[in-house]
Amino acid sequence: MEVRAFYWEDDHLLLLDQRELPQKEVWLELRDHKAVAKAIKEMAVRGAPAIGCVAAYGFVLGVKKEDPQKVYEVLKSTRPTAYNLFWALDRMMKALKEGRDITEEAISIEREDYEANRRMGEIGSQFIDDGMRVLTHCNTGALATAGWGTALGVIRSAHYSGKRIHVFVNETRPYMQGARLTAWELLKEGIPHTLITDMTAGFLMKKGLIDAVFVGADRITKRGDVANKIGTYTLSVLAKTHNIPFYVVAPTSTFDPNMESGEDVPIEERSEEEVKSFKGCHFSPKETKALHIAFDITPAENITAIITEKGIIYPNR
Ligand SMILES: CSC[C@@H](O)[C@@H](O)C(=O)COP(=O)(O)O
């Protein structure tokens with residue numbers, strides 16, 4: 001059965017707590033916008049499109065009791081980089097101001113994201129040939145979206161169309177979205193995969209073992225620069241050096257129409273504890289300072305193509 005990150009249940013939101021995966025499948029019952037904001041901030045739910053969908057439902061829950069502008073601000077301040085969050089909240093505010101049914105609006109945001117993912121899967125699988133070995137970073141699957149996935153959705157579509165593929169999964173330090181979430185999704189789907197440390201990618205490319213790289217995006221600027229999980233930029237440089245195609249897969253709701261260049265994208269910095277420890281297990285001296293930059297910018301020049309639900313963009317043609 002297809003993985004789902006959340007379900008809207010009329011008066012509350014059910015959310016799969018991704019911090020507990022893959023060991024446990026724990027569902028959180030969220031009944032107000034503050035609980036939704038906390039879940040986004042603390043990464044019980046993550047991935048740009050999923051954050052947008054969940055924030056929209058948080059808005060529905062919040063405006064039942066509180067001033068809409070306050071609800072909007074609380075949800076907006078959770079994570080700074082993923083553009084889908086702002087896109088979804090602006091859309092919800094507009095629907096409210098126009099007197100439309102906001103629950104229906106949130107349901108539409110979720111449905112449209114799912115449909116966009118299915119369409120990107122169809123469009124993007126033309127870049128995957130039978131027998132290909134592809135590399136992916138972070139988690140861009142059903143857990144990061146309303147379902148199916150962006151980059152992982154393309155891989156899923158290629159698999160369902162009968163192509164044999166092998167996926168190399170970057171573990172994605174320090175939050176381990178690749179090791180914990182992507183590996184879990186691929187295992188559930190029966191898609192052959194191998195988990196690697198982030199540092200292994202370059203050597204595999206050098207040995208000719210990677211045919212293409214597929215990643216998602218948190219924000220795409222007007223010139224085609226892409227903000228995505230830290231390590232994406234490094235992969236793009238490696239791919240360019242080794243002449244390997246580098247594909248970004250994202251719905252148009254990830255495109256920021258007001259941002260010219262990657263230089264302007266707000267980049268989230270998270271707690272240094274997440275670099276020095278994992279689930280309470282410290283592996284660095286407590287006194288050592290750590291830097292936790294959660295996203296980086298891949299310049300348009302390093303990207304072969306951006307696959308959207310509306311078609312393909314070739315930023316360098
Ligand atoms: C479809 S997901 C695209 C991105 O949101 C994904 O690649 C990513 O970087 C997620 O980061 P996260 O910090 O886990 O929210």
Side-chain angles (χ1 to χ4, degrees), residues 3 5-6 15-19 21 39-55 78-88 110 112-114 116-121 124 135-157 169-182 184-185 198 213-220 226-236 246-256 262 265-271 274-275 292-298 303 306-309:
V3 169
F6 57 89
L15 191 73
L16 179 58
D17 189 344
Q18 299 189 29
R19 296 165 299 185
L21 291 174
I40 297 173
K41 203 175 189 126
E42 295 178 2
M43 290 176 68
V45 60
R46 26 68 47 204
I51 291 171
C53 294
V54 165
T78 49
R79 295 194 72 191
T81 306
Y83 184 66
N84 304 61
L85 171 67
F86 311 107
W87 171 85
E110 177 185 347
E112 287 167 28
D113 186 60
Y114 184 78
N117 290 330
R118 295 302 298 247
R119 184 78 193 112
M120 290 188 291
L135 175 72
T136 192
H137 191 58
C138 197
N139 171 267
T140 62
L143 291 170
T145 60
W148 203 254
T150 57
L152 208 60
V154 168
I155 289 167
R156 215 184 281 271
S157 294
V169 180
N170 258 8
E171 62 179 354
T172 318
R173 277 263 304 143
Y175 224 73
M176 301 301 201
Q177 288 95 330
R180 295 188 302 108
L181 310 175
T182 301
W184 184 74
E185 284 198 40
D198 299 332
V213 179
F214 285 85
V215 295
D218 277 78
R219 193 185 295 232
I220 303 179
V226 168
N228 193 48
K229 183 51 56 195
I230 192 77
T232 305
Y233 168 66
T234 312
L235 278 181
S236 78
F246 187 91
Y247 301 107
V248 174
V249 188
T252 47
S253 51
T254 304
F255 286 68
D256 185 343
V265 177
I267 299 289
E268 179 178 12
E269 274 198 39
R270 296 185 61 86
S271 143
E274 289 174 355
V275 173
H292 186 180
I293 297 175
F295 297 95
D296 59 24
I297 305 292
T298 297
I303 298 168
I306 303 176
I307 298 155
T308 79
E309 78 280 17

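Values below: every heavy atom of this structure, side chains too, minus hydrogens, waters and symmetry copies. Atoms within a ligand are numbered from 1 in the order they appear, just like the ligands themselves.
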Inset, instruction - Run through I230, L235, I267 and flag the one making a side-chain contact (heavy atoms from CB on, under 4.5 Å) with D296. - result: I230

Can a donor-acceptor pair be found, under 3.5 Å and without considering hydrogens, that links the side chain of [X] to the backbone of [Y]?
X: S236; Y: T234; result: no
X: N84; Y: C53; result: no
X: E274; Y: Y175; result: no

Regarding ligand 1, does [X] bring an N or O atom to under 3.5 Å of one of the ligand's N or O atoms?
X: D218; answer: yes
X: A48; answer: yes
X: T150; answer: no
X: R79; answer: yes
X: Q177; answer: yes

[X] heavy atom under 4.0 Å from ligand 1:
X: F295; value: yes
X: P49; value: yes
X: H137; value: no
X: E268; value: no
X: A82; value: no

Tell me, which protein residue and heavy-atom name are nearest [atom], and how many Å apart are they?
atom: atom 7 (O) of ligand 1; answer: N228 OD1, 2.7 Å
atom: atom 11 (O) of ligand 1; answer: K229 CE, 3.3 Å
atom: atom 3 (C) of ligand 1; answer: A217 O, 3.4 Å

Legend entry - With S157 via side-chain contact (heavy atoms from CB on, under 4.5 Å) - residues at least two apart: S125, W148

Inset, instruction - Would you check if there is a donor-acceptor pair between the side chains of R46 and Q177 at a distance under 3.5 Å? - result: no

Inset, instruction - Verify salt bridge (Lys or Arg N to Asp or Glu O under 4.0 Å) between R173 and E171, making sure each step is shown before the conclusion. - result: CA-CA 6 Å; R173 277 263 304 143; E171 62 179 354; 5.6 Å; no

Inset, instruction - Using the ring of F295 (Phe, Tyr or Trp, six-membered ring only), decide whether R219 places NZ or CZ under 6.0 Å from its centre and within 45 degrees of its axis. - result: no

Inset, instruction - Mark up the atoms of ligand 1 that fall under 4.0 Å of a heavy atom belonging to M43, in ascending order. - result: 13 (O), 14 (O)

Inset, instruction - Tell me which one of C138, A144, A250 gets a heavy atom nearest to atom 2 (S) of ligand 1. - result: A144

Legend entry - Of all pairs that satisfy salt bridge (charged side-chain N to carboxylate O under 4.0 Å, His left out), the ones with a partner from residues 137-150, not counting sequence neighbours: none

Legend entry - Salt-bridge contact E309-R118 (side-chain N to carboxylate O under 4.0 Å): no

